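Some notes on the structure that comes next.
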Amino acid sequence: MTPSERLAELAAGQNAAMVCRMPSGFAVMSDWQFLPGYCMLLAYPEVSQVTDLDPHLRTRYLLDTAVLGEAIIAATGCARINYLTLGNLDPFLHTHLYPRYEWENDEYRTSGPWTYSLEYQQMPEHEFTEEHHGQLRKQIALHVTRFLGDRE
């Protein structure tokens, strides 16, 4: 699915992994929950990179990224969030928010989340499903709503 197709699906409310609409885009659960609560913020409307946004929208996107991170921490109790904005493979503005946990093995906990093997990340039990991850998705959405309300 292309970024444009995914954004259109989200805009139409047809993506089960959507956490919520945020002022700068869509918060979504990752397709692979190898770190529970792993989300992304997808800028909407679609732009290539943060510098394509005017200063007000840049600030909004970065604030929304921080709010989503704060919501993930509140919902999961994780120790921290790793924020990653690349755009090399999917060249549109989106940020990965990886919750990091004390229970992770030292070899992974102290390095980037990409050090987990693809085989581990994409184990069947890590695939996002409403049945297994829906309650966490709803909790993150509740915290986002609360935190956005505190800042508006």
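All residue numbers in this chain count up from 1 along the given sequence. The structure displayed is predicted, hence computed values, not measured ones.
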ask   = Nearest 0.5 Å, what's the CD-CG distance between E70 and L148?
value = 9.5 Å
task = Establish whether V144 and M40 are linked, either directly or via other cluster members, by ILVMFWY side-chain heavy-atom contacts under 4.5 Å.
result = no
message = As an exercise, state the distance from CG of L68 to CD1 of I140, rounded to the nearest 0.5 Å.
response = 7.0 Å
key: Residues E104 and Y116: side-chain donor-acceptor under 3.5 angstrom   = yes
query = To the nearest 0.5 Å, what is the distance between CD1 (I72) and CG (L35)?
reply = 11.0 Å
query = Taking only residues two or more places apart in sequence or in another chain, which ones pass ring pair (Phe, Tyr, Trp, His ring centres under 6.0 Å) with H143?
reply = F147
ask   = Under 3.5 Å, is there a donor-acceptor pair between the side chain of R100 and the main chain of A79?
value = no
ask   = Taking atom types as modelled and ignoring hydrogens, do the side chains of Y98 and S30 form a donor-acceptor contact shorter than 3.5 angstrom?
value = no
query = Does some side-chain heavy atom of M29 sit less than 4.5 Å from a side-chain heavy atom of L136?
reply = yes
query = For the residue pair W32 and F34, is the inter-centroid distance of their aromatic rings smaller than 6.0 Å?
reply = no
ask   = Quick one: does Y101's side chain have a donor or acceptor within less than 3.5 Å of a partner on T76's backbone?
value = no
inquiry  = Counting C-beta onward and ignoring hydrogens, is there a side-chain heavy-atom pair between L53 and L93 closer than 4.5 Å?
reply    = yes
Co-membership, hydrophobic cluster, residues Y38 and L86, 4.5 Å side-chain = yes
message = Rounded to the nearest 0.5 Å, what separates atom CD1 in I73 from atom CD1 in I81?
response = 4.5 Å
ask   = For R60 and M22, what are the C-alpha separation, side-chain angles and deciding distance, and is it a side chain to side chain contact (heavy atoms under 4.5 Å, CB included)?
value = CA-CA 10 Å; R60 185 74 246 185; M22 297 185 77; over 6 Å; no
ask   = So, does N105 use its side chain to make a donor-acceptor pair with the main chain of E107 at under 3.5 Å?
value = no
ask   = How would you list all residue pairs meeting salt bridge (Lys or Arg N to Asp or Glu O under 4.0 Å) that involve residues 21-32, not counting sequence neighbours?
value = R6-D31
request  = Using the rule that two of Ile, Leu, Val, Met, Phe, Trp, Tyr join whenever any of their side-chain heavy atoms come within less than 4.5 Å, decide whether L63 and L42 are in one cluster.
outcome  = no
request  = Among K138, Q33, E127, find the residue that satisfies the side-chain contact (heavy atoms from CB on, under 4.5 Å) test when tested with H133.
outcome  = Q33
task = Could you list the residues that satisfy ring pair (Phe, Tyr, Trp, His ring centres under 6.0 Å) with F26, not counting sequence neighbours?
result = Y44
message = Quick check: is V28 connected to V47 through a chain of hydrophobic side chains (ILVMFWY, heavy atoms under 4.5 Å apart)?
response = no
request  = Return yes if some donor-acceptor pair links the side-chain N/O of D64 with the main-chain N/O of S24 below 3.5 Å, else return no.
outcome  = yes
key: Distance in Å, H94 NE2 paired with L89 CG, rounded so as to fall on 0.5 Å steps   = 8.0 Å
ask   = Can you tell me if CD on E119 sees more than 12 non-hydrogen neighbours from other groups inside 6.0 Å?
value = no
Show me the side-chain donor-acceptor pairs of residues 9-20 shorter than 3.5 Å, one per line, residues at least two apart or across chains.
{"residue": "E9", "atom": "OE1", "partner": "N15", "partner atom": "ND2", "Å": "2.7"}
{"residue": "N15", "atom": "OD1", "partner": "A17", "partner atom": "N", "Å": "2.8"}

query = Looking at residues at least two apart in the chain, or sitting in another chain, which of them share a ring pair (Phe, Tyr, Trp, His ring centres under 6.0 Å) with H126?
reply = Y120
message = For the SG atom of C78 and the CD atom of E102, what is their distance to the nearest 0.5 Å?
response = 10.0 Å
task = Sequence neighbours left out, what passes side chain to side chain contact (heavy atoms under 4.5 Å, CB included) with T115? Give chain and number order.
result = Y108, S111
ask   = In terms of hydrophobic clusters joined by side-chain contacts under 4.5 Å, are Y61 and F92 together?
value = no
